[in-house]
Amino acid sequence: MAYWLMKSEPDCFSIDDLARRPKKTSGWDGVRNYQVRNMFRDQMKAGDKAFFYHSSCAEPGVVGIMRIVSGAYPDPTQFDPAADHYDPKSTRENPRWLQVDVQFEKKLTKPVTLATLRAHAAKLKGMLLLAPGSRLSVTPVRPEHWDYVLNLAGE
DNA sequence: GCCAACGTTGGC
DNA sequence: GCCAACGTTGGC
């Protein structure tokens, strides 16, 4: 089983939004980055776990845990002209963008802010989230980093 | 295939 | 709102 960190802007889709969905499950749609697409396709598997990370907000950080509950499949929003992430160059015969389904597992009682993560940068060396200039919305997390962050959260 | 222009991300 | 970093696009 692999571990991941997945970013979302809470104004757009928050951990609470996920928890309120039927079966606490949602497609992680809107990804329009080839590296992330390839990770979905080649590496992410149902049963993997992921940190839910709130970005572009007052207090960015890890706020919860979710489980990957599907393999990669075409993101329907790419075909929808009314959707924000509509891609006119993508076709149903040859879809360009993929998504996975994620299920809410728990909300951290004590979120781990980006500032806290940075304060522990020495222990989290190699974590892509903290790498300068790293902007990927989905990144792999090493098991030791996963455990360390959970400790920071008091879990 | 190069590379400049442009768009996006995301912390601050 | 600013800006640095990075990805994508498209002309050549």
Side-chain angles (χ1 to χ4, degrees), chain A residues 2-21 26-44 48-66 68 72-102 104-142 144-146 148-155:
Chain A
Y3 298 103
W4 305 91
L5 181 145
M6 300 170 78
K7 297 180 188 175
S8 180
E9 300 185 19
D11 289 348
C12 180
F13 185 71
S14 72
I15 183 88
D16 293 321
D17 293 329
L18 178 59
R20 281 194 291 264
R21 289 292 175 94
S26 173
W28 197 267
D29 61 22
V31 168
R32 296 294 180 267
N33 173 282
Y34 290 105
Q35 287 183 67
V36 176
R37 192 267 321 258
N38 295 346
M39 282 191 270
F40 280 173
R41 186 188 61 199
D42 303 331
Q43 295 173 257
M44 200 177 270
D48 288 357
K49 288 192 179 190
F51 287 135
F52 197 121
Y53 179 92
H54 280 173
S55 67
S56 294
C57 56
E59 193 129 83
V62 174
V63 295
I65 296 168
M66 53 193 172
I68 311 302
Y73 64 97
D75 175 349
T77 66
Q78 70 194 298
F79 308 123
D80 177 3
D84 285 346
H85 297 100
Y86 173 58
D87 184 348
K89 292 179 183 168
S90 187
T91 63
R92 287 181 189 278
E93 295 71 33
N94 192 14
R96 182 180 293 198
W97 304 112
L98 302 174
Q99 68 179 37
V100 297
D101 289 342
V102 297
F104 175 87
E105 197 153 277
K106 67 158 59 164
K107 200 169 159 179
L108 298 180
T109 49
K110 188 178 140 204
V112 182
T113 65
L114 178 60
T116 300
L117 292 170
R118 287 202 195 288
H120 291 262
K123 291 281 190 183
L124 296 171
K125 196 168 162 49
M127 193 171 181
L128 286 178
L129 176 78
L130 303 178
S134 172
R135 294 178 317 164
L136 287 178
S137 62
V138 176
T139 50
V141 175
R142 299 212 289 253
E144 62 269 29
H145 292 161
W146 178 272
Y148 193 82
V149 173
L150 283 184
N151 275 326
L152 291 177
E155 297 283 330

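Letters A, B, ... are given to chains in the order of the sequence lines, protein chains preceding strands, and every chain is numbered from 1. No experiment lies behind these values; they were computed from the predicted model shown.
Between Arg32(A) and dT9(C) there is no side-chain N or O to OP1 or OP2 distance below 4.0 Å. For Lys7(A), a side-chain nitrogen or oxygen approaches OP1 or OP2 of dG10(B) to under 4.0 Å.
Atom CG of Leu136(A) is separated from atom C1' of dC6(C) by 10 Å (rounded to the nearest Å). Taking atom CG of residue Leu129(A) and atom P of nucleotide dG10(B), one finds them 9 Å apart after rounding to whole Å. Going from atom OH of Tyr53(A) over to atom P of dG11(B) covers 4 Å, rounded to whole Å. Note: CD (Glu59(A)) to P (dC12(B)) measures 11 Å, nearest angstrom.
Proximity of the aromatic rings of Trp4(A) and Tyr53(A) is defined here by a centroid distance below 6.0 angstrom, and this criterion is not met.
Listed for the Asp17(A) side chain is a donor-acceptor partner under 3.5 Å among the backbone atoms of Ser14(A).
Checked for salt-bridge contact, Glu144(A) and Lys123(A) miss the test: no charged N lies under 4.0 Å from a carboxylate O. With respect to Arg96(A) and Asp87(A), a salt bridge is recorded, a charged nitrogen being found less than 4.0 Å from a carboxylate O.
At the heavy-atom level, Glu9(A) lies nowhere under 4.0 Å from the strands shown.
Taking the side chain to side chain contact (heavy atoms under 4.5 Å, CB included) definition, one finds that Lys49(A) meets it with Met1(A), Tyr3(A), Arg67(A), Glu105(A), Trp146(A), sequence neighbours left out.
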Discussion item. Evaluate Tyr86(A) against Trp97(A) for ring-ring contact (aromatic ring centres under 6.0 Å, His included), listing each step before the verdict.
Written reply: CA-CA 10 Å; Tyr86(A) 173 58; Trp97(A) 304 112; over 10 Å; no

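Distance from the side chain of Tyr34(A) is smallest to dT8(C) among dG11(B), dT8(C), dG10(B). If you check dG11(B), dT8(C), dT8(B) against the side chain of Arg135(A), the one that comes closest is dT8(B).
In terms of position along DNA chain C, the nucleotide closest to Asn33(A) lies nearer the 5' end than the nucleotide closest to the other residue of the pair Lys89(A) and Asn33(A).
Recorded end-axis angle for the helix from dG1(B)-dC12(C) to dC12(B)-dG1(C) stands at 10°, based on five pairs per end and rounded to 10 degrees.
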